[in-house]
Amino acid sequence: MRHLMSPLDFTTRELEQLFDLANDMEQHRERYAHICEGKKLATCFYEPSTRTRLSFEAAMLNLGGQVLGFSDASSSSAAKGESVSDTIRVISCYADICAMRHPKEGAPMVAAGRSSIPVINAGDGGHQHPTQTLTDLLTIRSLKGRLSDLTIGLCGDLKFGRTVHSLIHALVRYENIRFLFISPEELRMPSYMTEMLREKGIAYEEVIRLEDCIDSLDLLYMTRVQRERFFNEEDYVRLKDFYLLDKEKLSLAKDDMLILHPLPRVNEISVEVDDDPRAVYFRQAQYGVYIRMALICTLLGLTGEEGGNIC
Ligand code: CP
């Protein structure tokens, strides 16, 4: 049995196989429509979500399986004080695989340690969001045709943003990646991340103004300033509108630069940008379904005719 806690749980070769399977599922939906018949996915979400929870559920339904779960800790027995360890032991009696989101870093890892079914980390506090990272990598690979030789700008909340931390950990395994970290002083990339990059010899620069570097980017990964991670409202209000990607700034970018965003968006990308062919954040959300379909099948040890068993 295998869990997914971090994108690094898969080797780059296993990721290639997972992406191939996801692309095959996109092309041949009908081939996989019954592969999970008789299987159940539990979604245990102790924190709000639209995309991650619903794309997991859509993925399992697309595969012919069934879903159960809760979307709010207050409607589960966590509200009565039940531990994650006890909850997962019970969920293991009801389902074949579990996707768990939790505000506490490491909670899905604790669950995995007590589980008799595969557990997928669907986001733990400011730590990791591995299935978002798999979604991002699949989007880049599918639309750019490669995961190497890229200059990547990450913009917004780089301090608390678990999606950017997970993505960087995954991308440093590819050749010739250069990062530009675009953030206000208060939301800079944590030093443990920049130290890791220095140790690996990966090039990065820290920049405050998006317009100072957008012309050099192959990929711009925008993020929201996350109200829920701030300790005081004043700091959030001061920083929430620091960046706005609009048509004027986008006019400085390369014609083939991709704009990704894990979503939800608040104010950081103007809706006037949505129709630009470079804006691929809604296609990214669609890729999130295919990668979760591939992941569920892989962790359950199920194979498609074309996909092969990658476990
Ligand atoms: N990208 C993402 O994690 O979105 P949700 O919080 O809506 O799941």
Side-chain angles (χ1 to χ4, degrees), residues 4-7 22 41-62 67 69-76 97-108 111 119-140 142-143 152 154-171 187 219-230 236 240 243 245 258-269 274 279-296:
L4 178 72
M5 293 297 119
S6 153
L41 165 76
T43 51
C44 299
F45 276 59
Y46 295 81
E47 241 194 3
S49 167
T50 296
R51 271 147 298 276
T52 310
R53 186 172 65 83
L54 295 181
S55 63
F56 262 117
E57 295 189 0
M60 192 49 151
L61 295 173
N62 288 344
V67 296
F70 56 86
S71 58
D72 181 353
S74 67
S75 68
S76 78
I97 186 165
C98 173
M100 178 179 287
R101 171 171 289 190
H102 204 287
K104 285 201 180 136
E105 283 86 354
V119 176
I120 301 168
N121 178 1
D124 60 330
H127 183 221
Q128 294 268 1
H129 193 348
T131 60
Q132 181 63 51
T133 301
L134 299 183
T135 300
D136 301 340
L137 295 178
L138 177 65
T139 306
I140 299 166
S142 302
L143 301 181
I152 300 167
L154 299 131
C155 179
D157 177 1
L158 307 187
K159 181 177 178 183
F160 299 113
R162 61 191 173 198
T163 57
V164 293
H165 302 162
S166 275
L167 184 58
I168 291 166
H169 278 296
L171 281 168
L187 296 177
L219 198 94
L220 173 60
Y221 194 92
M222 293 296 291
T223 63
R224 150 184 89 95
V225 174
Q226 302 175 91
R227 178 180 226 143
E228 64 274 29
R229 309 273 176 238
F230 277 81
Y236 169 71
K240 73 183 172 67
Y243 294 107
L245 178 64
L258 294 183
I259 308 161
L260 278 77
H261 191 312
L263 303 177
R265 152 179 61 186
V266 186
N267 292 322
E268 57 282 355
I269 303 180
D274 291 358
V280 296
Y281 27 90
F282 292 113
R283 289 177 78 184
Q284 186 183 354
Q286 179 67 61
Y287 280 116
V289 177
Y290 302 128
I291 197 68
R292 289 179 176 102
M293 288 168 70
L295 182 64
I296 289 168

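One-based numbering, in listed order, for ligands and for the atoms of each.
Arg101 contributes a side-chain N or O that, together with a main-chain N or O of Ala122, makes up a donor-acceptor pair within less than 3.5 Å.
Ring geometry for Tyr46 against Phe70 counts as perpendicular: the plane angle is over 60°, on a 0 to 90° scale with 30° as the lower cut.
With sequence neighbours excluded, the residues satisfying side-chain hydrogen bond (donor to acceptor under 3.5 Å, both in side chains) with Ser74 are Asp72. For His169, there are no side-chain hydrogen bond (donor to acceptor under 3.5 Å, both in side chains) partners, not counting sequence neighbours. Partners of Ser166 according to the side-chain hydrogen bond (donor to acceptor under 3.5 Å, both in side chains) rule, which considers only residues two or more places apart in sequence or in another chain, are Gln128.
Applying side chain to side chain contact (heavy atoms under 4.5 Å, CB included) to Arg292 and the options Asn62, Thr131, Ile120 leaves one that passes, Thr131.
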Give a table of atom pairs where an N or O of ligand 1 lies under 3.5 Å from a protein N or O.
from, atom 1, to, atom 2, distance (Å)
ligand 1, 1 (N), Gln132, OE1, 3.0
ligand 1, 1 (N), Pro262, O, 2.8
ligand 1, 1 (N), Leu263, O, 2.9
ligand 1, 3 (O), Thr52, OG1, 3.0
ligand 1, 3 (O), Arg101, NH2, 3.0
ligand 1, 3 (O), His129, NE2, 2.8
ligand 1, 4 (O), Arg51, NE, 3.1
ligand 1, 4 (O), Leu263, O, 3.3
ligand 1, 6 (O), Arg101, NH1, 2.9
ligand 1, 7 (O), Thr50, N, 2.8
ligand 1, 7 (O), Arg51, N, 3.0
ligand 1, 7 (O), Arg51, NE, 3.4
ligand 1, 7 (O), Arg51, NH2, 2.9
ligand 1, 8 (O), Ser49, OG, 2.6
ligand 1, 8 (O), Thr52, N, 2.9
ligand 1, 8 (O), Thr52, OG1, 2.7
ligand 1, 8 (O), Arg101, NH2, 3.3

